[in-house]
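Position 1 is the first residue of the sequence, and the numbers go up from there. Counting starts at 1 for both ligands and their atoms, following the listed order.
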Amino acid sequence: MRISTIEAIPLKHSLEDGRGFGGTRGVTTTRTATLVKLTTTDGTVGWGEAFAPPRTVATLVEEVFRDAVVGTDPMNADTLADDVYTGDIVGYHFGREGVVQAALTGVEVAMWDLRGKQLGEPVRRLLGGQNREQVTPYASTMYITEWGEDPAEPMSAAAEEGFTAAKIKIGRSVDDDVHRVETAREILGDDAHLMVDYNGNYTPSQAIESIHAIEQYDLTWVEEPVPPENREGYERIRTRVDVPLAAGEAHFGRFEFTDLVTDGTVDIIQPNLGRCGGLAEARYIAQVATTENVQVRPHVWNSGVGLAAALQFASTVPSYPEPSGRAGQPVLFEFDRSENPLRHKILTEPFDPTGGSLDVPDEPGLGIDIDEDAVDEYRVD
Ligand SMILES: [Mg+2]
């Protein structure tokens, strides 16, 4: 079985006027994704997602990766990232981060999907590792909204849906941070896991002040308190607070993640399976992280395809290490609760995160079927 065609499919959903939302660094008015579709000589189809500006990354996939994968065996998925690093693909002059890693990820994940379908196994069994059949979903919610939503509303909805963990957006001011965290904790209850995400909107001093004001609410982690590039800021915060720090959604590939881990910048890394370099790359990153006592919990703000890839990966990562005082912590898995039809409409069977548990598909490959009519509905090329 060889790969015979490659297609990149840019998708976009525009939110209605006034319905933009996001984090403290800004709101979005669209939800986007770029699917990568590989077809083999026997007609098997594999899917991946390249999470980057849609038409830009679609061009990169078709212009640069077509020659690298058409005619090859999907079993070569493990070496695709190596071929980028050695310069066999793209060349070494243009950098290997950002959009290049997103394109690589989309193609590589589609190859793993094919590989699983060829062998009749879910990707999680091919990756090795823990091979969990369920993870604990956490609601990514309480966004900053254009319409000034009452923060209690989305958190009450998450609690009613049975979520036992949630992550909320903060980072506008210390008073607002306290109000939002207090609201979330009151609604979710004392036993729930609660995380906060600043999207890098603070300086290190502001972040330290904010974290000291909210740490009484028992936070499982604090995400991106300062911008991803501000490594010195992370290290300064880490010496001044006693709450686990997380980052990784804006980092790419084995070299950046190895630096994050070995420099002691964070306690939890969050590779995104739409742009971190692929499933083999994520597995490599997880092995390095675990060796250095850093937890791995993927970031997920993707379509249903990137979500499925992250879920397969998350089911394989070690529980170890567990932050002090948190023995028995479940493997928390990010599940965005904001408006995004690309998350559920393009799948014939959408994921159901309600009830406090999320099943990891057991079907071959990523374990999903794509509704191609729905895909066409959101296509923007
Ligand atoms: Mg985040």
Side-chain angles (χ1 to χ4, degrees), residues 20-28 30-33 49 51-52 98 101-102 105 135-145 151 154-155 158 163 165-172 176-177 180-181 184 193-202 204 206-207 210-211 214 219-231 233-234 237-238 243-252 256-257 260 265-276 282 285 289 294-303 306-307 309-311 313-314 317 331-340 343 353:
F21 63 85
T24 44
R25 256 190 165 187
V27 297
T28 183
T30 60
R31 299 304 300 262
T32 62
E49 177 178 343
F51 193 33
Q101 289 281 356
T105 305
V135 293
T136 299
Y138 71 83
S140 229
T141 191
M142 207 193 267
Y143 290 89
I144 306 298
T145 65
M155 193 53 64
F163 281 94
K167 184 169 77 189
I168 67 171
K169 300 295 186 184
I170 64 169
R172 291 191 293 195
D176 188 57
D177 298 344
R180 294 171 75 82
V181 173
H193 285 274
L194 179 61
M195 291 76 77
V196 296
D197 188 357
Y198 293 87
N199 288 105
N201 199 42
Y202 276 164
Q206 289 171 320
S210 169
I211 294 166
I214 60 175
L219 303 171
T220 300
W221 74 67
V222 160
E223 186 167 315
E224 291 195 318
V226 292
E229 306 80 14
N230 190 352
R231 303 282 292 281
Y234 277 93
I237 296 165
R238 203 154 179 243
V243 176
L245 299 186
E249 66 180 83
H251 292 88
F252 303 89
E256 276 198 16
F257 276 101
L260 267 185
T265 309
V266 292
D267 303 279
I268 298 133
I269 55 163
Q270 303 170 296
N272 182 298
L273 268 300
R275 58 181 177 229
C276 71
I285 290 165
V294 169
Q295 225 179 36
V296 184
R297 298 290 179 262
H299 169 260
V300 190
W301 219 62
N302 307 66
S303 80
L307 192 163
L311 186 53
F313 169 66
V317 302
V331 171
L332 297 170
F333 183 79
E334 179 162 26
F335 211 105
D336 172 23
R337 301 312 286 153
S338 64
E339 178 179 342
N340 186 6
R343 185 174 54 244

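If you check the side chains of Asn199 and Thr24, you find no donor sitting under 3.5 Å from an acceptor. A donor-acceptor contact under 3.5 angstrom links the side chains of Asp177 and Tyr202, judged on distance only.
Outside the 6.0 Å centre-distance limit, the rings of Trp221 and Tyr198 are not counted as a close aromatic pair.
When you scan the N, O or S atoms of Glu223 for the one nearest the Mg ion (ligand 1), you land on OE2.
No donor-acceptor distance shorter than 3.5 angstrom exists from the side chain of Ser210 to the backbone of Gln206, with no hydrogens or angles considered.
Backbone or side-chain N, O or S atoms of Glu224 do not reach the Mg ion (ligand 1) at under 2.8 Å.
An angle of 160° is found at the Mg ion (ligand 1) between Glu249 atom OE1 and Asp197 atom OD2, rounded to 10°.
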